[in-house]
Amino acid sequence: MNNAPVSQTVLDAAIAWRLQLDAGAATGAFEEWLHAHPDHARVWQQFQVLDRRLAEVGRAGGAALNPHWRFRRLRDERSV
Amino acid sequence: MNDTAAVHALYVDHHAWLFGWLRRRLRCPDRAADLAQDTFARLLTARHPAEHGEPPSLREPRAFLTIIANGLVVDHFRRSALERAYLEELAAQPPAAQPSPEAQALLLETLREVDRLLNGLFYRARAAFLLDRVDGLPQAQIAAQLGVSVRRVRQYLAQAMRQCYHAAYGHLE
């Protein structure tokens, strides 16, 4: 796989698509965008690699990486 | 004098001093010895183009060594805080859910890698991203937890994706 970074414009477009898809607002226009340029397909593949990395973290790992979450939970436990 | 000889000379003159400096900060002789070695190892891999004359390490050797060693100390504390947090989280889980020691070690490596990807994000953006990707919480719930609007959560997620992407793949020249 090509690991070279894409331009800021392509990255921003990919992020906007990702947020829209996650919010359940999938449209046919996404497929069009994805196939419109090799960079679009590349950035999407690179996102998937990062997603797999993040999926390996698991709940305990996610909590350990998340100081805010740990702080809130400690505070909630103390107020019980 | 080539770089290796220069580093060797620095080692002879300042290793004991650097070890003492690290031991005071870390309160652990073993770690201090490791990080002192790492500091000199960093010097060997650093580039000192000959045309720029004498490397800075020879002009202000202790100040220079301290800067490198301090970076390693900060990194060390960060890593141990992450490891401690992970072990605490594991301890809170039922025994059946405990991964094997091998799996734990692998996971810690992954955590360090992800920590590196997230490094530089403000804590709310980091929290939003982890709650989204790792815990799979809906954006509205993340917004409620962080006490911000859903629109703000989307901005945090975009920030985090950008940060992760550049940390993993670099910037386009």
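Order of the sequence lines sets the chain letters (A, B, ...), proteins ahead of strands, with each chain counted from 1. Not measured: the values here are computed from a predicted model. Hydrogens, waters and symmetry mates are skipped; everything else that's a heavy atom, side chains included, is used.
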Q: Would you sort out whether B:E89 and A:N66 count as a side chain to side chain contact (heavy atoms under 4.5 Å, CB included), showing the intermediate values?
A: CA-CA 11 Å; B:E89 292 297 331; A:N66 195 346; over 6 Å; no
**Q.** Part of B:E83 within contact of chain A (heavy atom distance under 4.5 Å)
**A.** neither
Q: Select one option (side chain, backbone, both, neither) describing which atoms of A:A4 are under 4.5 Å from chain B's heavy atoms.
A: backbone
Q: Please report the closest heavy-atom contact between B:R154 and A:L19, naming both atoms and the distance.
A: O-CD1, 3.6 Å
Q.
Looking at every heavy atom in both A:P5 and B:L172, which two are closest together, and how far apart are they?
A. O-CD1, 3.4 Å
Q. Can you tell me how far the CG atom of A:L54 sits from the CG atom of B:D132, to the nearest 0.5 Å?
A. 9.5 Å
Q. Closest heavy-atom contact between A:G61 and B:L107?
A. CA-CD2, 4.5 Å
Q: Give, for atom CG of A:L50 and atom CZ of B:R133, the distance between the pair rounded to the nearest 0.5 Å.
A: 8.5 Å
**Q.** Heavy-atom proximity to chain B below 4.5 Å, by part of A:L11
**A.** side chain
Q) Would B:I67 and B:W21 show up in the same hydrophobic cluster when neighbours are defined by side-chain heavy atoms closer than 4.5 Å? A) no
Q.
Looking at A:V6, is its backbone amide N or carbonyl O close enough to the side chain of B:Y165 to form a donor-acceptor pair, meaning the two atoms are under 3.5 Å apart?
A. yes
**Q.** Smallest separation among heavy atoms of B:Y169 and A:Q46, with atom names
**A.** OH-O, 3.1 Å
Q: Answer with side chain, backbone, both or neither: which region of B:R162 has an atom nearer than 4.5 Å to a non-hydrogen atom of chain A?
A: both
(Q) Which residue is it: B:T110, B:L111, B:L106? I am looking for the one with a side-chain contact (heavy atoms from CB on, under 4.5 Å) to A:E56. (A) B:T110
Q | Linked, directly or transitively: B:V150 and B:M161 (ILVMFWY side chains, under 4.5 Å) | A | no
**Q.** Taking every non-hydrogen atom, the tightest pair across A:A60 and B:Q93
**A.** CB-NE2, 3.6 Å
Q. Only one of B:L117, B:L130, B:V134 clears side-chain contact (heavy atoms from CB on, under 4.5 Å) with A:L65; which?
A. B:L130
Q. Relative to chain A, which segment of B:A168 carries a heavy atom at a distance below 4.5 Å: side chain, backbone, both, or neither?
A. side chain
Q | B:F77 CZ: over 12 foreign heavy atoms closer than 6.0 Å | A | yes
Q.
Test of understanding: clusters of I, L, V, M, F, W, Y form through side-chain heavy atoms closer than 4.5 Å, transitively. Do B:F122 and B:L131 belong to the same one?
A. no
(Q) Tell me whether B:L82 shares a hydrophobic cluster with A:V57, the cluster being built from Ile, Leu, Val, Met, Phe, Trp, Tyr side chains joined at under 4.5 Å. (A) yes
Q) Do B:V148 and B:L137 share a hydrophobic cluster (ILVMFWY, side-chain heavy atoms under 4.5 Å, transitive)? A) yes
Q.
Just checking B:R112: does its CZ atom have more than 12 heavy atoms from other residues, nucleotides or ligands closer to it than 6.0 angstrom?
A. yes
**Q.** Pick from A:D22, A:I15, A:D12 with the largest number of heavy-atom pairs that fall under 4.5 Å of chain B
**A.** A:I15
